[in-house]
Number of protein chains: 2
Amino acid sequence: MAQEIPNNIFCQHDHRGCRATAMRGARAACRAANLRLTPMRARVLEILLESHKALGAYDILARLRAEGRSSQPPIVYRALDFLVSNGFAHRLERLNAFAACAHAEDRHQPMFLICESCHQVAEAPLDRLGQDIFARATKLGFQARSPVVEVSGLCPACQGDGEQ
Amino acid sequence: MAQEIPNNIFCQHDHRGCRATAMRGARAACRAANLRLTPMRARVLEILLESHKALGAYDILARLRAEGRSSQPPIVYRALDFLVSNGFAHRLERLNAFAACAHAEDRHQPMFLICESCHQVAEAPLDRLGQDIFARATKLGFQARSPVVEVSGLCPACQGDGEQ
DNA sequence: GGGGGTATGTTATAAAATAACAATAGGGGG
DNA sequence: CCCCCTATTGTTATTTTATAACATACCCCC
Ligand SMILES: [Zn+2]
Ligand SMILES: [Zn+2]
Ligand SMILES: [Zn+2]
Ligand SMILES: [Zn+2]
């Protein structure tokens, strides 16, 4: 598949392991920052970590209900607000959906690659592209604050296929 | 036409003039491409061109109704589909809203600057940044098709203010 | 054990988008 | 001119996404 360095989502990997690692990281980060990763918030994060697809708030809601938790939209949206504002998840604007952050260990600006065929979502750090975008904005007199970069296309596995 | 400075939306300009120019351009482009810029579609484009803010579909709907046209959501969405797929308007994913294209004369990928204070929206060509994004995606094994770049921040006029 | 802040639970509603089908308008061939 | 075909518009109903408003429960500190 691709390679292990920049981005592991489109690669084969031990997904249970990556989920557990992410949860451990989130718990540690919350302890360090004095944030409360309550059971509700933790469960929503786990659900996001179960796949590398983006989930809509109502998909998450349905899972919570399937697990027997009574749940209503505001509960999910509040958990997602927490996760997004503290960097444990991201919102995908094109999809009205959410995905767990793949690089929560460091502060970063994300760029998303969204497969139009299998709907997997990969997050890569924006890095220098973010700086370039800020520079372009500055040249136009605009004080940039938060950039969104989301690219639709085909993931490695879906490129051969006739689109499935 | 516009001007050679990259972006005139955050500058003072004769807005009636720029609207008329854009409408003329759209009519010519439709004639050339054998597309039908029907009265409905033209009116929606004019409404988008009346300001440099992004309008939600239901804002447009309200205007059409205020003008006496009976109108329902599908009508507006269909007109917007036409305008967006033929390059006369763009959808702003972060805002669930639409804006007339500021550079309809040439095929381009847009980048949007969205003022969080006055809600004006400026479109700049993505140009080399688009190529860089594609290159990054390619390096990750991803076949990029359509990139979305939308930057929130403060426009020149709103930077001094206490946010108003 | 009380008080204040934070989080969750619940009801209702708003906002954005689409499905499905009916009616109409235009345009070319007979 | 009339018919047929297609594209467009009109209409009704519904789905999907998100938030407002308020009640209850929890937790830490005193
Ligand atoms: Zn991330
Ligand atoms: Zn794929
Ligand atoms: Zn444009
Ligand atoms: Zn502004």
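Side-chain atoms are counted along with the backbone in the values below, which use heavy atoms only and exclude waters and symmetry mates. In what follows, every chain begins at residue 1, and chains take the letters A, B, ... in the order their sequences are listed.
- Using a 4.0 Å heavy-atom distance criterion, B:S70 is classed as a sugar-phosphate-only contact.
- Scored by the side chain to side chain contact (heavy atoms under 4.5 Å, CB included) test, B:R16 finds B:D14, B:R19 as partners (sequence neighbours excluded).
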With sugar-phosphate taken as primed atoms, P, OP1 and OP2 and all else as base, the protein-contact string of nucleotides 14-23 of chain C at under 4.0 Å (heavy atoms; B, S, -) is --BBBB----
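- Remark: B:T38 is not in phosphate contact with D:dA7, judged by side-chain N or O atoms under 4.0 Å from OP1 or OP2.
- Going from atom CD of B:Q120 over to atom CG of B:L113 covers 11.5 Å, rounded to the nearest 0.5 Å.
- Under 4.0 angstrom from either OP1 or OP2 of D:dT9 there lies at least one side-chain N or O belonging to B:R41.
- Rounded to whole Å, atom P of D:dA7 lies 13 Å from atom CZ of B:F82.
- Side chains of A:H90 and A:E150: no donor on one and acceptor on the other come within 3.5 Å.
- Legend: residues meeting side chain to side chain contact (heavy atoms under 4.5 Å, CB included) with B:H119, ordered by chain and number and at least two apart, are absent.
- For the salt bridge (Lys or Arg N to Asp or Glu O under 4.0 Å) condition, the pairs that include at least one residue of residues 33-48 of chain B, sequence neighbours left out, are B:R43-B:E46, B:R43-B:E50, B:R43-B:E67.
- Under the rule for a side-chain hydrogen bond (donor to acceptor under 3.5 Å, both in side chains), the partners of A:S146 that lie at least two apart in sequence or sit in another chain are B:R94.
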Under 3.5 Å, which N/O atoms of the protein pair with N/O atoms of nucleotides 25-30 of chain D?
none

With both pairing distances under 3.5 angstrom for Watson-Crick or G-U wobble, and | for a partner in another strand, the correct string for DNA chain C is ||||||||||||||||||||||||||||||
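- D:dT11 atom C1' lies 17 Å from atom CZ of B:R69, rounded to whole Å.
- One interatomic measurement links the two molecules: CG of A:L80 to P of C:dA7, which rounds to 15 Å at whole-angstrom precision.
- Connectivity analysis of hydrophobic side chains (ILVMFWY, heavy atoms under 4.5 Å, direct or indirect) links A:V76 to A:M23, A:L35, A:L37, A:M40, A:V44, A:L45, A:I47, A:L48, A:L49, A:L55, A:Y58, A:I60, A:L61, A:L64, A:I75, A:Y77, A:L80, A:F82, A:L83, A:V84, A:F88, A:F98.
- Look at CG on B:L37: it is 13 Å from C1' on D:dT8, rounded to the nearest Å.
- Residue B:L61 contributes atom CG, which lies 12 Å from atom P of D:dG10 at whole-angstrom precision.
- Applying the side chain to side chain contact (heavy atoms under 4.5 Å, CB included) criterion to A:Q72, with sequence neighbours excluded, gives A:R65, A:P74.
- Regarding A:R65, its CZ atom lies at a distance of 12 Å from the P atom of C:dG9, rounded to whole Å.
- Atom CD1 in A:I75 sits roughly 13 Å away from atom C1' in D:dA23 (whole-Å rounding).
- With rounding to whole Å, B:E93 atom CD is found 12 Å from D:dA18 atom P.
- Listed by first and then second residue, the ring-ring contact (aromatic ring centres under 6.0 Å, His included) pairs involving residues 32-51 of chain A amount to none (not counting sequence neighbours).
- Within the structure, ring-ring contact (aromatic ring centres under 6.0 Å, His included) contacts touching residues 131-160 of chain B (residues at least two apart or in different chains) are A:F10-B:F142.
- Judged as a side-chain hydrogen bond (donor to acceptor under 3.5 Å, both in side chains), and not counting sequence neighbours, the contacts of A:R91 are A:E93, A:N96.
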